[in-house]
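Below you'll find the structure, written out as structure tokens, and then a few comments.
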Amino acid sequence: MTQPMPVLSVQAVAAGYGGGDIISGISIDVIPGEIFTVIGPNGSGKSTLIKVLAGLVRARVGEIRLGPSRITPLSAPQRVASGLAYVPQEFNVFPNMTIGENLRVSTEFLGRERRASAEQRDRVLSMFPEIGGRLGLRAGLLSGGQRQMLAFASAMMAEPKVLLLDEPSAGLSPKFVGEIFDKIKAVNGTGVTVFMIEQNVKEALRIADRVVVLVNGSIRLLTTPGDIGVKHDLHKLYLG
Amino acid sequence: MIAQVVLNGFITGMIIALPAIALTLTYGILKFPNFAIGAMLTAGAYLAFICNSILQLPLLLSAAIAAVGLAATVVIVDRLVFSPLRERTTITLLVASMGVSFVLENMARFAFGNSARSFEAPIVRSMHIMGLRINFEQIVTAATALAGMLAVYVILRHTPLGRAMRAVADNPALAAVRGIDRERIVRWMWVIVGVLTAAAGVLAGLDRAIDPLLGWNYVVTVFAAAILGGLGNPLGAVLGALTLGVVEETSTLVIPPNYRQVVSFFAIAILLLLRPQGLLGTVRVKK
């Protein structure tokens, strides 16, 4: 059986800040419609990897493709327009804007028609009813969980092919963590491929289709969640 | 007497408000205090002077041409000077803006000399309303400044460009991953800055003589107004400008007029001690 063409392909990417590389030799193919999760200990390069994909950090070597298109030279806004949306771990909403403004500003510079944007907003609000009734409320007044919902919703306004999530459960109360992962699963159910990095291994593995273990900036293992803990010992993988 | 001084102060405040909004927009989006704001104001006045006094065009048309001309000029200045330094420190950009200030000011000096010039504006008799003397220039100033403030408010609150400007000012990285091209927004910001400072240059040229130091006379007060209101907050800049205009003007009742800028320095000093974030500014916590 032939493999489907990857929706997101990372080939031999190395990147870092200043002089050195934080990640190197990263090659990943993300299949359309899957939830692809990257786990790893602190300082393993997970955040650097997702920032490279989002276009916030330049890949020093290697190539990134979104479907058939090479997006390596594209800026972050150009990548959004190409279909790659990113939800940062923190500071992921504009706190001085209303919920409605947060949603609108996320689509107004993508060259979409106003009607198409309005229709997308309706679709997004039906997916995130938690924020729908309060469009005039300032985002800075929302709780951590509600902010995370707004951040997802804002990213979804761009109608992405791939949604990049940087530790979606970070800083959330346990009550919200399960809710957030259920929401990710629901978003994925609409056909959006999810690429997620996460510290909460248990919850991440619950919804993931495939998982990569990143240690010291390199891929240690690519497997399915079912194999973690059965065929592979996570503690040994983390510690090397 | 006091009511007249307060009125004059309000008008002065309105002239200051336009470049103060421009300064605060630049600070909000590019995170540097644009020291060249005074020289830009001077350049706007001279552009209007060329159209009005040399080309004999009506003052309103001259002001419009000056606004377009200065907007184009500051976009080019950004491309040549500020854009290559975009990721450098605030101090680097501040020093670069000082360089721009000296270049613009000396270009005006080279072209027009040091002698004072004035617009060819119609002489209209002052009106007297409730014991207050209101002249034509003051009405023009108030109307222009209010229109400018209203336009900035509408742009910032009710247009995609304004929302994007606020987004970039708030969190440039998040704005980028929401599809907003920062450089495009910065160009539009400079266009607005150019139009506002050109309008202020024309108003300042109506209020006093046009010379290469015209804008320099306003720089301290403009900075004081922007800081007083809370740097990065356009509404605060307007509030700061009107407050300083009135306070500076009323101070001339007790101190010689030549020393009225001292009031601005005192206002900055006292405010930085009591409320460093300004009247409408918010405290930013750095992690």
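By convention in this document, chain letters (A, B, ...) are assigned in the order of the sequence lines, proteins followed by strands, and residues within each chain are numbered from 1. Treat the numbers as computed from the prediction; the structure is a model and nothing was measured.
Contact tally against chain B (heavy-atom pairs below 4.5 Å) for Pro77(A), Ser75(A), Gly55(A): the top residue is Pro77(A). For chain A, the option among Ala173(B), Ala175(B), Ala167(B) with the highest count of heavy-atom pairs below 4.5 Å is Ala167(B).
Note that CG of Asp181(B) and CG of Leu110(A) are 11.5 Å apart. Values are rounded to the nearest 0.5 Å. The CZ atom of Arg163(B) sits 11.0 Å away from the CG atom of Leu103(A) when rounded to the nearest 0.5 Å.
The 12-atom threshold is not exceeded at CZ of Arg79(B), counting heavy atoms of other residues, nucleotides or ligands nearer than 6.0 Å. Heavy atoms from other residues, nucleotides or ligands lying under 6.0 Å from CZ of Arg58(A) number more than 12. Within a 6.0 Å radius of CZ in Arg182(B), more than 12 heavy atoms belonging to other residues, nucleotides or ligands are found. Shown here is Arg166(B), whose CZ atom has more than 12 heavy atoms of other residues, nucleotides or ligands within 6.0 Å.
Both the backbone and the side chain of Ser154(A) come within less than 4.5 Å of a heavy atom of chain B. Proximity to chain A is limited to the side chain of Arg184(B), based on heavy atoms less than 4.5 angstrom apart.
The nearest pair of heavy atoms linking Ala76(A) to Val177(B) is CB-CG1, 4.3 Å. Heavy-atom minimum distance, Arg178(B) versus Ser106(A): CD-OG, 3.0 Å. Ala164(B) and Phe109(A) make their closest contact through CB-CE1, 3.3 Å (heavy atoms, listed as atom of the first residue, atom of the second, distance). Heavy atoms only, all atoms of each residue included: Pro95(A) and Asp170(B) are closest at CD-OD2, 3.1 Å.
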* Residues Leu174(B), Phe94(A); criterion side chain to side chain contact (heavy atoms under 4.5 Å, CB included); working and verdict -> CA-CA 8 Å; Leu174(B) 181 61; Phe94(A) 300 109; 3.7 Å; yes
